[in-house]
Number of protein chains: 2
Amino acid sequence: MGRRLTPRGEQRRGELLAYATERFATNGYHPTSVAELVDGLGVGKGVFYWYFESKEDLFLEILRSGERDLRRVQLDAMGDETDPVARMELAIRASMEWWATHRELYVLIEFARTEASFASGVRKGERVALEDTRRLVQEAMDSGAIADGNATVVAQAVLGVSSVLARTQVLGRGRPPSEVADEVIDFCWHGLLGRDAGQTRRTA
Amino acid sequence: MGRRLTPRGEQRRGELLAYATERFATNGYHPTSVAELVDGLGVGKGVFYWYFESKEDLFLEILRSGERDLRRVQLDAMGDETDPVARMELAIRASMEWWATHRELYVLIEFARTEASFASGVRKGERVALEDTRRLVQEAMDSGAIADGNATVVAQAVLGVSSVLARTQVLGRGRPPSEVADEVIDFCWHGLLGRDAGQTRRTA
DNA sequence: GGTGAACTTGACCGTCTGGTCAAGTACCGT
DNA sequence: ACGGTACTTGACCAGACGGTCAAGTTCACC
């Protein structure tokens, strides 16, 4: 929607975005009707269609702005650090903090991946995140800082650990993001066997 | 639905389950109507409600039977192996093979997590999987086979790496499950730093 | 105080939804 | 051949959905 908005308009639009995000996240996208959104805000239905072309358009807007914001936060966090391993660590910590303050987005992205009309958009965003990470992993492998291997797979594993622990520990149990970030980093860096243990190995 | 079914009935029910699984996975749960399901099978609408109480009931049935089957396959794979680390490895390999032959279930479970009416059921199943894994991790920690730490968090990290690589590598890129299982295990056991590399450490 | 653009209202529309049900058919044991 | 249960049909329903729009209101600016 290429509409010009006055400050008052911006505010309304923001209200709609915020309320819709919350409703979609707790009630689901499809079960939440446009009528429910405008009723919840105590406004007429026309308000919705003044600011958004459609329900789908609104949802895509929520997704896009969320992804954009997370990426910005990650890049900011990495700043001018040059060591790839340190950059990954900074990005992981920043992401964990971000998820803690944007809990609704997690479930929305997860949902978006499950429906044809949204999946391609999400995948595009994820390809960007993966490529960012893959580059760092490759760089670290080349310099011998980490073990050689398939950089894409390793990058995906790191992202997987981050997102699972963000979901279950930070969002699910409300644990402090920094603490969980420590655990993500410890697991990703050293694996199960850890720095020290790992003598009594298995048979299989 | 506690109905008694003849072999013919079982067959029909199976057709409905299979077709619905495919449609839900590719088109989404809500956008797929009951009418679309029965039309696709070329039967009357009454057939659907003869075998299932509701659309929701059908979906829950798909979820439940999937989770049950995966767990059975995992337990079978672990057989009578007693070493906890070896058991985890066997379960990971079996899961990866299972996902390769049940690709539709992945997206359905992911969707189910995003909607209030299904989320609790999924979480129950995930608690079971987590507890199975946590026990093995704890046992391995106690015996000194792996490094000490928060067993729940570590278990979740292992499950996270497995499921992310199942999704992206096995389902997304069609890579052989056994090969991806190797990578999951390598990453989870040794982390980024690996068996060998890891001298040139970071500054942060 | 008048003009026009930004914003808001809510009745209204066509379509589709999940679900029902009276009626009919296939098939089994006897 | 008959009786009964398993199964099938498809017209039908009430309600909800996303979306439209003519009419009205607010307000910044001249």
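The chains referred to below are lettered A, B, ... by the order of the sequence lines, with proteins before strands, and numbering in each begins at 1.
Going from atom OH of B:Y49 over to atom C1' of C:dA22 covers 18 Å, rounded to whole Å. The CD atom of B:E56 sits 18 Å away from the P atom of C:dT17 (whole-angstrom rounding). Between the CG atom of B:L58 and the P atom of C:dG18 there is a distance of 11 Å, given to the nearest Å. For B:K55 and D:dA16, the NZ to C1' distance is 14 Å, given to the nearest whole Å.
Distance alone, capped at 3.5 Å, is enough to place a donor-acceptor pair between the B:K55 side chain and the B:Y29 backbone. A donor-acceptor contact shorter than 3.5 Å links the side chain of A:E81 to the backbone of A:D83. Between the side chain of B:K45 and the main chain of B:D39, no donor-acceptor pair closer than 3.5 Å is present. When atom types are taken as modelled, the side chain of A:R103 and the backbone of A:L171 share a donor-acceptor pair closer than 3.5 angstrom.
Between B:F118 and B:F59, the ring planes lie tilted relative to each other; the angle falls in the 30° to 60° range.
B:S117 and B:E56 share no donor-acceptor pair across their side chains, judged by distance under 3.5 Å alone. Looking only at atom types and distance, the side chain of B:E115 has a donor-acceptor partner in the side chain of B:H30 under 3.5 Å away.
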For residues 14-25 of chain B, run the donor-acceptor check on the side chains, cut-off 3.5 Å, and write out each pair with its distance to 0.1 Å, sequence neighbours left out.
from, atom 1, to, atom 2, distance (Å)
B:E15, OE1, B:R12, NH1, 3.1
B:E15, OE2, B:Q11, NE2, 3.2
B:T21, OG1, B:L17, O, 2.6
B:R23, NE, B:E36, OE2, 3.0
B:R23, NH1, B:T26, OG1, 3.2
B:R23, NH2, B:E36, OE2, 3.1

### Query
Could you run down nucleotides 4-14 of chain D 5' to 3' and tag each one B, S or - for protein heavy-atom contact under 4.0 Å?
--SBBBB----

### Bracket string, DNA chain D, 5' to 3' - pairs by Watson-Crick or G-U geometry under 3.5 Å, | interstrand
||||||||||||||||||||||||||||||

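Take A:T152 and apply the side-chain hydrogen bond (donor to acceptor under 3.5 Å, both in side chains) test, not counting sequence neighbours, and it matches no residue. In this structure B:E110 satisfies the side-chain contact (heavy atoms from CB on, under 4.5 Å) test together with A:E110, A:R113, A:T114, B:Y106, B:R113, B:R167, sequence neighbours excluded.
Contacts between residues 25-37 of chain B and DNA chain C, defined by a heavy-atom separation under 4.0 Å, are made by B:T32, B:S33, B:V34.
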